[in-house]
Amino acid sequence: MIKVEHLHKSFGDFKALKDISLEINDGEIVSLIGPSGSGKSTLLRCIHGLEKAESGKIWLDGELMDPSKKEQYAAQRKKMGFVFQHFNLFNNKTVLENCMLAQTSVLGKSETEAQATAMEYLTKVGMADKASSYPSRLSGGQKQRAAIARALCMNPEMMLFDEPTSALDPEMIKEVLDVMKDLGRQGMTMIVVTHEMGFARKVGNRVVFLESGEIIEQNESEAFFSNPSSERAKDFLSKVFYD
Ligand SMILES: Nc1ncnc2c1ncn2[C@@H]1O[C@H](COP(=O)(O)OP(=O)(O)O)[C@@H](O)[C@H]1O
Ligand SMILES: [Mg+2]
């Protein structure tokens, strides 16, 4: 579904991504893990086109993503939903309006159609009863579920999550992970930057471990957690698991 080849990204002299190559298949759930500053967000943002890589290629559904082909590139970007750590909801709009906005402005749907789709996905994430609430009245978990519904309203083929539960109080993490797990069960292709090792291990199919802008190791989730092959992954896991 997505193929990344020899991606390089620098910020000034600092190399944030060094020669990243990666393939993600249809329906796969890939967890991107690694220390803070290892380039996880940058990789996700490059895939989505929020950041421009200086070299390398990305294919989506076998089609090269080429920013110079503006219309095609915009259509490709629409196939990917992005969920941010801090939700990025519009605070002056209700949950329903947040979910309708891009449908009407980007997809050109009618208000009626956009509203029906919004309610369908809000129901799916258990937020239908909060449709007319403003984000400021919601808990973090509710905000994130609304943000997921908003992304789903665009009918993406794949979903990119950048630490979707890192800004949440502990008791709200599960309600968001459960929504993500359901999505995965329904066959959604997902790339998830996460520190939720339980989710990565049990729900994710594969782990990609990044450090200092490089893929150090990737493996099936269970194999990665039970038997990491690199010293750096072993060291990382020994730090994140307390026992
Ligand atoms: N816009 C930016 N300008 C300068 N440096 C950046 C920018 N975005 C990220 N970086 C740097 O790139 C590195 C990787 O960042 P990031 O992808 O956010 O890491 P992670 O998500 O794994 O914590 C970090 O050292 C970070 O400081
Ligand atoms: Mg990050």
Side-chain angles (χ1 to χ4, degrees), residues 2-24 28-58 65 67 77 80-89 140-141 143-144 147-148 150-151 156 158-170 172-173 176-177 179-180 189-201 203-204 206-219 221 224-225 228 230-241:
I2 199 140
K3 186 170 164 192
V4 175
E5 245 185 21
H6 303 299
L7 204 69
H8 289 261
K9 170 70 185 171
S10 300
F11 296 105
D13 291 338
F14 178 76
K15 290 190 191 319
L17 295 176
K18 305 167 193 164
D19 200 27
I20 299 286
S21 296
L22 182 63
E23 266 184 71
I24 290 163
E28 217 181 358
I29 303 173
V30 173
S31 308
L32 271 186
I33 70 173
S36 180
S38 56
K40 304 180 297 294
S41 297
T42 305
L43 175 55
L44 211 61
R45 294 169 67 83
C46 284
I47 290 173
H48 192 260
L50 293 165
E51 296 279 1
K52 282 250 164 64
E54 60 255 15
S55 66
K57 290 188 168 121
I58 299 173
M65 292 191 68
R77 291 195 62 205
M80 296 184 268
F82 202 103
V83 174
F84 300 87
Q85 183 176 357
H86 293 285
F87 332 118
N88 294 18
L89 294 168
K143 284 185 207 176
Q144 196 57 298
I148 293 172
R150 178 180 60 177
M158 68 186 298
M159 290 281 285
L160 311 179
F161 294 87
D162 192 358
E163 296 198 30
T165 59
S166 296
L168 303 180
D169 289 333
M172 289 163 194
I173 291 176
V176 172
L177 294 181
V179 164
M180 293 167 62
T189 308
M190 309 202 278
I191 311 180
V192 186
V193 174
T194 188
H195 296 299
E196 293 300 328
M197 297 301 149
F199 180 87
R201 184 170 192 157
V203 181
R206 188 148 56 94
V207 170
V208 172
F209 177 71
L210 277 174
E211 196 186 72
S212 309
E214 290 177 278
I215 295 179
I216 304 297
E217 176 171 350
Q218 54 174 313
N219 207 342
S221 300
F224 175 82
F225 285 106
S230 65
E231 280 311 311
R232 287 191 273 184
K234 278 180 199 162
D235 181 56
F236 177 78
L237 291 176
S238 77
K239 285 173 179 151
V240 296
F241 285 110

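Whatever order the structure lists ligands and atoms in, that order sets their numbers, starting from 1. On a predicted model such as this, the values are computed, not experimentally measured, just so you know. Excluded from the calculations below are hydrogen atoms, water molecules and symmetry mates; all remaining heavy atoms, backbone and side chain alike, are included.
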Of the non-hydrogen atoms in [X] and [Y], which two are nearest, and what is the gap between them?
X      : Y      : result
Ala151 : Pro156 : O-CD, 3.4 Å
Gln85  : Ser166 : NE2-CB, 3.4 Å
Val203 : Ile29  : O-CD1, 3.6 Å
His6   : Ser21  : N-OG, 3.0 Å

- prompt: NE2 of His48 to CE of Met158: how many Å apart, nearest 0.5 Å?
  reply: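 So the gap between those two atoms works out to 9.5 Å.
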
task: Give me the protein N, O or S atoms that fall under 2.8 Å of the Mg ion (ligand 2), sorted by chain and residue number.
output: Ser41 OG

message: Can you list everything that forms a side-chain contact (heavy atoms from CB on, under 4.5 Å) with Ser221? Sequence neighbours excluded, please.
response: Val207

Over 12 foreign heavy atoms within 6.0 Å of NZ, Lys18: yes

- prompt: Who pairs with Asp235 by salt bridge (Lys or Arg N to Asp or Glu O under 4.0 Å), at least two apart in sequence or on another chain?
  reply: Lys239

query: Do side-chain atoms of Gln144 reach the backbone of Val176 as a donor and acceptor pair under 3.5 angstrom?
result: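 Not at all, since once roles are kept as given, no pair shorter than 3.5 Å links the two residues.
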
query: Name the residues in contact with ligand 1, where contact means a heavy atom under 4.0 Å away: which are they?
result: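 The 4.0 Å shell around ligand 1 contains Phe11, Phe14, Ala16, Pro35, Ser36, Gly37, Ser38, Gly39, Lys40, Ser41, Thr42.
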
